[in-house]
Amino acid sequence: MLALAFAMTGMAYLLGSISNAVLISRCCGLPDPRDYGSHNPGATNVLRSGNRIAALIVFLLDMLKGTLPVYLTWYLGIPPVYLGFIGIAACLGHMYPLYFHFRGGKGVATALGALMPLGLDMGSFMILTWLLVLLLTGYSSLAALAAALLAPLYTYCLKPEFTLPVAMLCCLIILRHHENISRLLHGREPKIWPNNPLRRHRR
């Protein structure tokens with residue numbers, strides 16, 4: 001069982017190393033997301049290019065990178081404690097991709113995908129938290145941090161046996177956002193949009 005868990009961890013890292021933001025941008029004739037905006041090869045930065053369809057595709061594919069290895073691990077009956085390492089490996093692949101000179105993203109979508117096999121209810125709460133904070137503030141990083149901070153609480157209430165691996169995964173996400181946290185505290189973090197879309201809609 002331990003050997004299988006190690007094999008799944010390696011597979012998760014290699015799968016996570018596929019930088020969908022870079023590949024989809026090339027296919028759509030968009031600039032390399034590592035060269036503009038936040039320089040983060042993720043769905044949020046691809047959205048800054050103005051191509052919403054490309055950003056959505058990147059988001060879904062990045063989620064799939066986390067969902068596939070964790071779901072397969074669960075299906076094979078590997079103990080829950082190893083699920084955290086599998087999810088972390090997928091996120092590490094996204095953050096430090098082997099195939100793209102280790103220049104990767106923040107791993108938020110991949111982490112969300114890794115949580116989905118543990119329970120659709122828990123994954124849905126995570127996505128709703130991320131969307132709500134994003135719509136209210138316009139800060140993608142703040143939305144990710146809020147979702148990561150609340151994920152262990154959601155897990156404890158819904159699937160307590162997975163609390164430890166989920167907490168480990170969320171710690172990785174928060175640590176990866178240390179620069180964003182500093183910019184948020186100093187008021188220098190860029191927004192996805194300049195104004196609150198909910199307020200514009202009410203007007």
pair Pro152-Cys170: side-chain heavy atoms closer than 4.5 Å:
yes
Looking at side-chain heavy atoms only, is the closest gap between Arg103 and Val22 below 4.5 Å?
no
Look at the side-chain heavy atoms of Ile, Leu, Val, Met, Phe, Trp and Tyr, link any pair under 4.5 Å apart, and say whether Tyr156 and Met122 land in one connected group.
no
Answer yes or no: is there a side-chain heavy-atom contact under 4.5 Å between Thr137 and Glu189?
no
Residue pair Val108 / Thr44, side-chain heavy-atom distance below 4.5 Å
no
What heavy-atom pair brings Pro117 and Ala114 nearest, and what distance separates the two atoms?
CD-O, 3.3 Å
Roughly how far, to the nearest 0.5 Å, is the CZ atom of Phe6 from the CD1 atom of Ile86?
9.5 Å
Is it true that Met63 and Leu128 fall in one hydrophobic cluster, defined by side-chain heavy atoms closer than 4.5 Å?
no
Rounded distance (nearest 0.5 Å) linking atom CG of Asn40 with atom OG of Ser140:
8.0 Å
For residues Ala151 and Leu115, report the shortest heavy-atom separation together with the two atoms involved.
CB-CD1, 4.5 Å
Looking only at atom types and distance, does a side-chain atom of His178 sit under 3.5 Å from a main-chain N or O of Leu175, one as donor and one as acceptor?
yes
Using atom types as modelled and distance alone, determine if a side-chain donor or acceptor of Ser182 lies under 3.5 Å from a backbone N or O of Glu179.
no
By salt bridge (Lys or Arg N to Asp or Glu O under 4.0 Å) - contacts of Asp32 (at least two apart)
Arg34
Answer yes or no: is there a side-chain heavy-atom contact under 4.5 Å between Phe59 and Leu112?
yes
Spatial distance of atom CD1 (Ile181) from atom CG (Leu185) [nearest 0.5 Å]:
7.5 Å
Please report the shortest heavy-atom distance between Phe85 and Thr9, naming the atom on each side.
O-CG2, 4.2 Å
Just by modelled atom types, is the Thr163 backbone N or O under 3.5 Å from a matching donor or acceptor in the Thr155 side chain?
no
Walk me through it: do Leu64 and Asn20 pass the test side-chain contact (heavy atoms from CB on, under 4.5 Å)?
CA-CA 11 Å; Leu64 196 61; Asn20 295 304; over 6 Å; no
Output, in order, the C-alpha distance, side-chain angles, deciding distance and verdict of side-chain contact (heavy atoms from CB on, under 4.5 Å) for Val166 and Lys159.
CA-CA 10 Å; Val166 168; Lys159 297 288 180 67; over 6 Å; no
State plainly whether one hydrophobic cluster holds both Leu15 and Val58, where clusters connect Ile, Leu, Val, Met, Phe, Trp and Tyr through side-chain heavy atoms under 4.5 angstrom apart.
no
Taking every non-hydrogen atom, the tightest pair across His177 and Ala144:
NE2-CB, 3.8 Å
Do the ring planes of Trp74 and Tyr71 sit parallel (below 30°), tilted (30 to 60°) or perpendicular (above 60°)?
tilted
So, taking the atom named CG in Leu134 and the one named CD1 in Ile127, what distance separates them when rounded to the nearest 0.5 Å?
13.0 Å
Evaluation steps, side-chain contact (heavy atoms from CB on, under 4.5 Å), between Tyr139 and Asn180
CA-CA 10 Å; Tyr139 291 112; Asn180 303 87; over 6 Å; no
To the closest 0.5 Å, what do you measure between CG (Leu142) and CZ (Arg183)?
13.0 Å
Do Val70 and Met168 share a hydrophobic cluster, counting only Ile, Leu, Val, Met, Phe, Trp and Tyr and linking them when any side-chain heavy atoms are less than 4.5 Å apart?
yes
Give a yes or no answer on whether the side chain of His94 reaches the backbone of Ala90 with a donor-acceptor pair at less than 3.5 Å.
no
Give the minimum heavy-atom separation between Ser141 and Leu184, together with the two atoms involved.
OG-CD1, 3.9 Å
Tyr13 and Phe102 have their tightest heavy-atom pair at OH-CE2, 3.6 Å
Is it possible for you to say whether Leu30 and Leu23 belong to one hydrophobic cluster, with membership spreading through side-chain heavy-atom contacts below 4.5 Å?
no
Rounded to the nearest 0.5 Å, how far apart are CD1 of Ile53 and CD1 of Ile24?
12.0 Å
Side-chain (Asn45) to main-chain (Tyr36) donor-acceptor, under 3.5 angstrom:
yes
What pairs of residues pass the salt bridge (Lys or Arg N to Asp or Glu O under 4.0 Å) test when at least one of them lies in residues 41-68, not counting sequence neighbours?
Asp62-Lys65
Met8 vs Leu76, side-chain contact (heavy atoms from CB on, under 4.5 Å): CA-CA, chis, key distance, verdict
CA-CA 10 Å; Met8 291 300 302; Leu76 292 174; 4.3 Å; yes
So, using ring pair (Phe, Tyr, Trp, His ring centres under 6.0 Å) as the criterion, who are the partners of Tyr154 when residues are at least two apart?
Phe125
